[in-house]
Amino acid sequence: MLAERYKTAFQLYPYTRIAAQEGTATRHPVVIVGGGPVGLTLALDLGKKGTPVLVLDDHDGAGLGSKAICFAKRTLDIANRLGACQQMVDKGVVWNVGKVFHADQKIYDFDLQPEAGHRNPAFINLQQPYFEKFLCDAINAAQSAGAPIEIRGRNCVTALENHGTYSTLTVNTPDGSYQLEADYLIACDGARSPLRDMMGLSFDGRVFEDNFLIADVHMKADFPTERWFWFEPPFENAGQSALLHKQPDDIWRIDFQLGWDIDREVELDPARIRARVDAMLSSQAGHVPEYELEWTSIYTFQCRRMKKFRHGNVIFAGDSAHQVSPFGARGANSGVQDADNLAWKLDLVLKGLAEPNLLDTYATERQHAADENILNSSRATDFMTPKSDVSKTFRNAVLDLANRHAFARPLVNSGRLSVPCNYIGFDLFGEDALQGPEGTQPGMACPDAPHLDGYILERLGGEFTLLAIGCMADDLKAHGVLANAVNIKAPSDAMRARYLGAHPCAVYLIRPDQHIVARWPDYNADAVATALKTAIGKA
Amino acid sequence: MLNLAPNISDPDGFYEELIRAHEGLDKAQSDALDARLILTLANHIGDRALLSQAIAAAK
């Protein structure tokens, strides 16, 4: 029997019995366990590079419920590179403005899109099942174009035998169990990762003693498309904080912070949830609009990560490797960046163009990213849920002052929203011979900028790129790896500001995940070859 | 003029350090720490008129 752990919103990869379920185990170069945002992104990226990849998921589609709703610009830029972005932006709710309240006083508002000239907005709100569906659509399109991606639904891994250079998996299906082998096994199987347990690996961190009630509500309301956040909400029984945020399909995400000592059963009673939602909505709209409860859940969270994301040929990505509080949209967004970081490295290793130790840099870079996310997320949570009387006194002093004085507003913390991680100073990055703008120094993710009738990130593709602005570079192959030259004769003003600064021209070496390796004031093939060698871990 | 515009670099890091300084202290000890901190900062500011403006701004 194969138990169903949750209902699915969309059936995306129905189970079919295949020949591999009989006879001896087949070896696969890459097996990904888990078909969520991280596993699907990784599969799509690898498949588009021509590396065969098999995804195993214990269900046959996207799980019901909004779960992740806030997708950041960096995630959309990655999805755009993979051909899955347009549907997301079209379906998603674009928002930039947030308002922060303390009781019934508005403390301040913020605008997340301070500069123009980016293809993608700072954030969209989109229910996670849609995000997964659009990735699957892109996978189907890639498969039709020959990408070697296979997804097996209702294939549940029940045992793992790690032999060092490969793993043997026992997989349960509606037709019974079979075995297969994986050179590389990638665990994208979520915060409760069964693979992590099968390997006996720990997942330590800090438990935050709090419960959050999520109510996704279906209603026609003319509240603006903004993120509204309350400290000590003025409406009845709302707990210590509350959030109201719009999603597509007339769904509104409402969050209440309930505290630690609660009875989950009682709080999940629909009548009790409706009383809370009624109080919130009537305080804002003056009456209770008609609505339906679409999805409700109570969650607690921890901030934690695995010590090491790589264990030989078994690699952890996304929630299986790290977990944060939801404040800041750092869960799914960081997981997608894990996939983006891992895909090109795994691809080079499997093609014999890089040594397996390149995969250690996936771990060091993304462990650093996880630490940054955990730090930001812990700070936000400590501000929202003061752990001591003095902490609460300071928190309320900040809120009180922020209402009157601008200086206190940067101290108000209802979640620092996800921005791209940078890898400044890490091993794979080379020289900054240009000394240009800070935002494009080696280690940073490339910022977008208008170019001709499109945007520069669209020109970079998913391989190494040699971006020459105001000068000419040639395609360059070194150590078996090709860097494609993209020559920009007439940069837009925004591109000039972000990539040149005061310089007349510049050459950038850019990784397949669109992080900047090194930059120079002019084109020198030897310098580029040296940086490329560093970038693939051969220096 | 008292500066009431944002002026602290790394505000989140500062706030965390401030709260952490109170860890393990009881109410009286915390209040005493705050008092010492205010006096230290006031000395750094020095300007008598600014200190009066700051007291008024915080009231």
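Letters A, B, ... mirror the listed sequences (proteins, then strands); counts begin at 1. When reading the values below, keep in mind they use all heavy atoms of this one structure, side chains included, and skip hydrogens, waters and symmetry mates. Since the model is a prediction, treat every value here as computed from it, not as a measurement.
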Need one label for [X]: side chain, backbone, both or neither, based on atoms under 4.5 Å from any heavy atom in chain B.
X	value
Asp389(A)	neither
Ser388(A)	neither
Arg409(A)	neither

d(Arg20(B) CZ, Ser391(A) OG) to nearest 0.5 Å is 11.5 Å

So OG1 of Thr393(A) and CG of Asp34(B): to nearest 0.5 Å the spacing works out to 8.5 Å

Please classify the contact between [X] and chain A as side chain, backbone, both or neither, with a heavy-atom cut-off of under 4.5 Å.
X	result
Leu25(B)	neither
Asp31(B)	neither
Asp26(B)	neither
Ile19(B)	side chain

Restricting to non-hydrogen atoms, name the atom on [X] and the atom on [Y] that form the minimum distance, rounded to 0.1 Å.
X	Y	value
Pro6(B)	Pro410(A)	CB-CG, 3.6 Å
Leu401(A)	Ala58(B)	CD2-CA, 4.4 Å
Lys59(B)	Arg404(A)	O-NH1, 3.2 Å

Can you tell me if CG on Asp427(A) sees more than 12 non-hydrogen neighbours from other groups inside 6.0 Å?
no

Would you call the rings of Phe394(A) and His22(B) parallel, tilted or perpendicular, taking 30° and 60° as the class edges?
tilted

Are the side chain of Tyr15(B) and the backbone of Arg395(A) linked by a donor-acceptor contact shorter than 3.5 Å?
yes

Does any N or O in the side chain of His405(A) come within less than 3.5 Å of the main-chain N or O of Ala57(B), such that one atom is a donor and the other an acceptor?
yes

Salt bridge or not between Asp12(B) and Arg416(A)? Use side-chain N to carboxylate O under 4.0 Å.
yes

